[in-house]
Amino acid sequence: MNAPVQSNQKAQLLQNTVEHVDITSFDARPIIDSMRKMSFSSRDTARAADIFNMAIEDKDCSPWLILAGSTSAGGCMHVYRDMVKFGMVDAVVATGASIVDMDFFEALGFKHYQAAGEVDDNVLRENYIDRIYDTYIDEEELQACDHTILEIANRWEPRGYSSREFIWEMGKWLSEGNAKKEGSLIQTAYEEGVPIFCPAFVDSSAGFGLVKHQKERAAAGQPYMMLDAIADFRELTDIKIAAGVTGLFMVGGGVPKNFAQDTVVCAEILGVEAEMHKYAVQITVADVRDGACSSSTLKEAASWGKVQTTHEQMVFAEATTVVPLIGSDAYHRGAWKNREKRRWNKLFA
């Protein structure tokens with residue numbers, strides 16, 4: 001009798017789906033304009049919006065979107081998709097969780113759910129529900145995502161792939177009619193020629209499927225596919241060299257932040273005098289004093305030769321509260337309408 005009770009309880013816990021904000025449905029320009037005349041995080045947010053718009057307006061600049069954390073699951077998934085769709089960004093560097101556990105997961109037709117009050121996490125475990133702060137994920141659906149990655153990996157030639165190449169193939173697979181939800185970030189990036197990099201790709205749902213792929217292939221005495229982290233670094237550095245002027249819009253920090261910033265240093269090691277990232281915004285709640293802010297503010301990154309300090313802004317705020325405002329502001333100001341999409345995946349065709 002326990003299973004039906006748990007089933008009913010699970011259904012009750014997973015009633016309210018997370019709805020992703022649509023930056024085209026409201027105009028945040030008046031809010032940003034008002035914030036510009038305020039102080040504290042409001043003024044920082046307005047300046048961050050101004051810098052992001054400057055990067056979009058600069059015809060020589062290639063803006064990149066850098067993602068860490070769980071804001072995609074929390075309702076910002078379509079913000080990032082629309083930044084790619086409308087040509088506000090030309091490349092994406094993200095955690096594997098943002099791309100697989102959240103975006104690809106929903107492309108398969110699954111949902112994220114709002115938690116309804118405090119629930120004992122042991123009760124959630126009994127019902128196979130995973131929690132991200134006040135957001136729930138059905139673990140059974142997440143394991144279905146793992147197995148889909150396994151099935152995709154089994155289809156491909158057993159060789160080394162950069163994460164960009166692997167995610168590109170995932171986007172192609174979705175575009176071939178396999179998407180249950182159209183307009184995911186992965187599929188949109190594929191269609192727009194925008195590369196997505198996940199330098200720590202296996203730290204996600206993809207990792208489980210890929211481990212199973214290798215174990216099964218090895219047990220059968222067959223070759224298996226691998227991820228080439230060095231190729232990731234080389235390819236993103238190639239984009240930096242080709243782009244020249246670049247801007248970073250960073251949500252969170254961690255590996256994606258450092259990976260994107262380090263392309264300037266990598267280019268130098270390769271004998272190319274690449275320009276430091278000209279525009280940079282970081283939205284985070286991390287503290288710099290214990291190294292949690294990826295060890296540095298943007299100003300500190302200048303000492304490493306990574307980021308110019310003329311147009312940089314730290315915004316210490318929880319990202320779901322400010323990212324939709326900055327995204328809507330950029331959409332409605334419309335500078336993206338006048339810029340050419342770079343479609344950097346053409347470098348690797």
Side-chain angles (χ1 to χ4, degrees), residues 61-68 80 83-84 87-100 103-104 149 152-153 156-175 185-204 206-207 210 225-250 254-278 280 294 304-307 340-349:
C61 179
S62 178
W64 300 354
L65 173 63
I66 316 300
L67 286 179
Y80 307 135
M83 285 182 175
V84 169
M88 300 181 199
V89 297
D90 298 319
V92 179
V93 182
T95 59
S98 295
I99 298 303
V100 182
D103 185 72
F104 187 68
I149 293 292
I152 293 173
W156 296 340
E157 179 186 351
R159 59 175 177 82
Y161 291 79
S162 67
S163 66
R164 175 209 56 84
E165 189 176 11
F166 191 97
I167 296 165
W168 184 256
E169 293 289 349
M170 289 169 64
K172 181 180 179 181
W173 182 83
L174 289 172
S175 71
L185 173 60
I186 294 177
Q187 184 175 347
T188 302
Y190 170 78
E191 294 168 352
E192 297 294 340
V194 173
I196 300 177
F197 293 86
C198 290
F201 192 45
V202 295
D203 184 19
S204 69
L210 294 178
M225 64 147 295
M226 299 165 286
L227 289 174
D228 187 343
I230 300 171
D232 273 348
F233 202 10
R234 171 175 49 80
E235 289 181 356
L236 189 61
T237 301
D238 286 343
I239 293 175
K240 171 58 186 170
I241 292 170
V245 179
T246 46
L248 305 178
F249 184 83
M250 296 181 281
V255 172
K257 171 189 175 181
N258 286 335
F259 185 71
Q261 289 185 334
D262 280 347
T263 55
V264 181
V265 180
C266 190
E268 183 180 351
I269 296 298
L270 295 176
V272 178
E273 191 174 342
E275 183 177 336
M276 289 192 289
H277 296 295
K278 185 175 181 179
S294 302
W304 294 78
K306 300 175 182 179
V307 174
E340 180 182 354
K341 295 180 179 181
R342 303 298 178 88
R343 305 186 191 277
W344 289 125
N345 209 71
K346 65 189 177 185
L347 294 178
F348 314 107

Closest heavy-atom contact between [X] and [Y]?
X	Y	result
Ser163	Cys198	OG-N, 2.9 Å
Asp103	Leu185	OD1-N, 2.8 Å
Lys240	Val264	CE-CG2, 3.9 Å
Pro195	Phe197	CB-CE1, 3.8 Å
Leu236	Ala260	CD2-CA, 4.0 Å
Gly160	Glu165	O-OE1, 4.2 Å

Legend entry - CD/Glu275: more than 12 non-hydrogen atoms of other groups inside 6.0 Å: yes
Inset, instruction - Tell me, yes or no, whether the heavy-atom count around Asp238 atom CG, taken from other residues, nucleotides or ligands under 6.0 Å, exceeds 12. - result: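 Above 12, so yes.
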Legend entry - Under 3.5 Å: donor-acceptor pair, side chain of Ser204, backbone of Phe201: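 It does hold such a pair.
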Inset, instruction - Check whether any side-chain N or O of Arg343 sits under 3.5 Å from a backbone N or O of Glu192 as a donor-acceptor pair, and report yes or no. - result: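 Checking the backbone N and O of Glu192 against the side chain of Arg343, a donor-acceptor pair under 3.5 Å is found.
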Inset, instruction - Can you label the angle between the Phe166 ring and the Trp156 ring as parallel, tilted or perpendicular, going by 30° and 60°? - result: perpendicular
Inset, instruction - Run the salt-bridge test on Asp90 and Lys341 with the 4.0 Å N-O cut-off and return the result as yes or no. - result: no
